[in-house]
Visitor: 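Mind having a look at this structure? Questions to follow.
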Number of protein chains: 2
Amino acid sequence: MRSTISMVDRTVKNPYPVRMARPRSFDEKQVLNAVREQFWDAGYAATSLEDLMRVSGLGKGSLYAAFGDKRQLFLRALHSYTDDSHGHLRKALSEAPRALDALRMLLEAPIDDPTGAGTRRGCLMANSTCELGNADPEVLDHAHRTYETSTALIGDCVARAQREGDLPAGADPIALARALLAAQQGLVFMSRTGLDTATLTATARSLAAQLLPDHSGD
Amino acid sequence: MRSTISMVDRTVKNPYPVRMARPRSFDEKQVLNAVREQFWDAGYAATSLEDLMRVSGLGKGSLYAAFGDKRQLFLRALHSYTDDSHGHLRKALSEAPRALDALRMLLEAPIDDPTGAGTRRGCLMANSTCELGNADPEVLDHAHRTYETSTALIGDCVARAQREGDLPAGADPIALARALLAAQQGLVFMSRTGLDTATLTATARSLAAQLLPDHSGD
DNA sequence: GGAGTTCTTGACCGTGCGGTCCACCATAAG
DNA sequence: CTTATGGTGGACCGCACGGTCAAGAACTCC
């Protein structure tokens, strides 16, 4: 029942790839990216395992062995999405020469066409919340924490803009951050309905102008 | 092959309920309401025919005979939703003593708990767009037209507020309407993530204050 | 090379789905 | 009452889905 001869100490000497054997023929990150795109395009329910196999190039067995069932795979993809989003957000907010510019970009950037498809398919996190929020508490909870993190990041940037004299110093940074986030989500959503880019851009500028009034002259 | 004796002229004399026979045992409107609630709670894909039978109290045959397949039933429910929404919007915007109050309510009202559940389940039109927008052009198109109508209604109200001296006269009513609609959608969406009501209300007030500055003193 | 282990492939399974159909019912007209 | 007609309910169907499994391939270590 206990140690059947060998297969024992190996975990001690080389715990991670216990014995190695056949290596994986795929890159987990790439698979996760492909799967994420698929979920993003079609949503959770409308994505079948066959779709996931197609876009990942893996068989069912490999997918299940590596990620568990469909839901877990989806959650992994969702987490990778929010992680990346926060990475980009952090970068954009910190690298901008002036914090105010970064905040304005927050509203206008989603309109631009980075990959050609633009924001026509919206935000994966938002889509997932809409589709699964009522049914899957874990998705809802993740959404909640994600938006809290975003709020904090934006709040920091607002505070910086205040220190740089570009925004009124009196306002609560977090409150403004929430307003900006709501405005951005609203814009991304309206883009989903097929509103033309010009109108969308104009609306973004209008919101930016009213939520982020130029204060540099003070 | 042609006229088998009777069954002929009846359509001429009484074309609508041709022969009447057994009348329907359900009210189409009530069924549509029940079905709409179900789709609203669970989304399109996550709602099974069994769910629809349960909430409507009808058998499959009756549902299919009356509404066609699941998708058509959904579209009917969606249209009834947007029709009602526009009705409420029209009423709220026209009945308010001052247009500015109505516009503020636009942002703050969704937070209040009208039915107890509040906006935790969001807006059916928005949810549907997120879930089906990429796959069903008809849903997308309906979303587009719906938001255009909403924009027009809100734009009218903005114009009225301008005439009443509560908003700066120079601004484009439609542009402000779009900004307000985006802000509202963003708020409703953030409410879906489980943000507490107090924070939500504060954000709504903050947005209202910045997008609808008090101009009555001018 | 042999042994051991993991990864891969794809056939297979049970289930629950959307959708169809038909026997039965309730009603209106004659 | 009889007859025609549309409504009703549920049995039934085929299918595609998510998920399992076993046999073989690929690799490391000895």
Side-chain angles (χ1 to χ4, degrees), chain A residues 3-28 30-31 35 38-39 42-77 132 135-136, chain B residues 3-28 30-31 35 38-39 42-77 132 135-136:
Chain A
S3 65
T4 35
I5 305 178
S6 57
M7 102 187 284
V8 180
D9 296 321
R10 262 184 268 275
T11 63
V12 178
K13 295 165 106 174
N14 188 5
Y16 292 125
V18 184
R19 188 59 146 86
M20 260 320 169
R22 180 173 175 175
R24 281 191 173 157
S25 68
F26 63 91
D27 177 34
E28 192 163 304
Q30 280 179 15
V31 167
V35 160
Q38 173 61 35
F39 279 128
Y44 178 77
T47 292
S48 70
L49 276 191
E50 201 186 334
D51 292 329
L52 296 173
M53 290 166 59
R54 184 173 38 78
V55 301
S56 69
L58 268 64
K60 281 191 188 182
S62 303
L63 276 177
Y64 271 72
F67 301 99
D69 63 4
K70 183 186 173 186
R71 179 172 169 274
Q72 288 180 52
L73 177 53
F74 172 75
L75 290 176
R76 285 285 300 274
L132 304 171
D136 192 330
Chain B
S3 66
T4 35
I5 305 178
S6 58
M7 104 186 281
V8 181
D9 296 321
R10 261 184 267 276
T11 63
V12 177
K13 296 164 106 172
N14 189 6
Y16 292 125
V18 185
R19 188 57 147 88
M20 258 322 168
R22 180 175 175 174
R24 280 192 173 158
S25 67
F26 63 92
D27 176 34
E28 191 162 307
Q30 280 179 15
V31 167
V35 159
Q38 172 61 35
F39 279 129
Y44 178 77
T47 293
S48 69
L49 275 190
E50 201 185 335
D51 292 328
L52 296 174
M53 290 166 62
R54 184 173 38 79
V55 300
S56 69
L58 269 64
K60 281 191 187 181
S62 304
L63 276 179
Y64 271 73
F67 301 100
D69 63 6
K70 184 186 174 187
R71 179 171 168 275
Q72 287 180 55
L73 177 52
F74 172 75
L75 291 175
R76 284 285 300 272
L132 304 170
D136 193 330

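The sequence lines fix the lettering, A, B, ..., with proteins before strands; numbering per chain opens at 1. None of the values given here were measured: they were computed from a predicted structure.
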Visitor: Please say whether more than 12 non-hydrogen atoms of neighbouring residues, nucleotides or ligands are located less than 6.0 Å from CD in B/Glu50.
Guide: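 Atom CD in B/Glu50 is not crowded, with 12 or fewer foreign heavy atoms closer than 6.0 Å.
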Visitor: Does a side-chain heavy-atom distance below 4.5 Å link B/Leu63 with B/Lys60?
Guide: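 Not touching, per the 4.5 Å side-chain cut-off.
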Visitor: Only counting residues at least two apart or in another chain, list the ones meeting side-chain hydrogen bond (donor to acceptor under 3.5 Å, both in side chains) with A/Arg71.
Guide: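 With sequence neighbours excluded, A/Arg71 shows a side-chain hydrogen bond (donor to acceptor under 3.5 Å, both in side chains) to A/Asp136, A/Glu138, given in chain and number order.
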Visitor: Does B/Lys70 make a cation-pi contact with B/Phe39 (under 6.0 Å, within 45 degrees of the axis)?
Guide: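 Because its charged atom misses either the 6.0 Å distance or the 45° angle limit, B/Lys70 does not stack over B/Phe39.
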Visitor: Would you check if B/Val35 and B/Phe67 make a side-chain contact, meaning some heavy-atom pair closer than 4.5 Å?
Guide: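 No - every pair of side-chain heavy atoms lies 4.5 Å or more apart.
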Visitor: What do the steps show when you test A/Leu132 against A/Phe74 for side chain to side chain contact (heavy atoms under 4.5 Å, CB included), and what is the final call?
Guide: CA-CA 11 Å; A/Leu132 304 171; A/Phe74 172 75; 3.5 Å; yes
Visitor: Between D/dG19, C/dC17, C/dG19, which nucleotide has the shortest distance from any of its atoms to the side chain of B/Asp69?
Guide: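 Closest of the options to the side chain of B/Asp69: C/dG19.
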Visitor: Determine the minimum heavy-atom distance between A/Ala46 and A/Asp51, stating which atoms define it.
Guide: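 Shortest heavy-atom separation between A/Ala46 and A/Asp51 comes out as O-OD2, 3.8 Å.
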Visitor: Pick out the pairs of N or O atoms, protein on one side and nucleotides 9-11 of chain D on the other, that lie under 3.5 Å.
Guide:
| residue | atom | partner | partner atom | Å |
| --- | --- | --- | --- | --- |
| D/dG10 | O6 | B/Gly61 | N | 3.3 |

Visitor: Atom CG of A/Leu63 and atom C1' of C/dC7: how far apart are they, to the nearest Å?
Guide: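 Atom CG in A/Leu63 sits about 13 Å away from atom C1' in C/dC7.
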Visitor: Mind grabbing the angle between the end helix axes of the helix from C/dG1-D/dC30 to C/dG30-D/dC1? Five pairs an end, 10° rounding.
Guide: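 Roughly 10° between the end axes, to the nearest 10°.
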Visitor: Whole Å only: how far is the CZ atom of B/Arg54 from the P atom of C/dG18?
Guide: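 Nearest whole value for this atom pair: 13 Å.
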Visitor: Rounded to whole Å, please give me the gap between CD in A/Gln38 and P in D/dG18.
Guide: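 Rounded to whole Å, this separation is 11 Å.
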Visitor: Can you tell me the distance, in whole Å, between the CD atom of B/Glu50 and the P atom of C/dG16?
Guide: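 In whole Å, C/dG16 P lies 9 Å from B/Glu50 CD.
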Visitor: Take atom CG of B/Leu49 and atom C1' of C/dT15, then tell me their distance rounded to the nearest Å.
Guide: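 Checked: the CG to C1' distance equals 16 Å.
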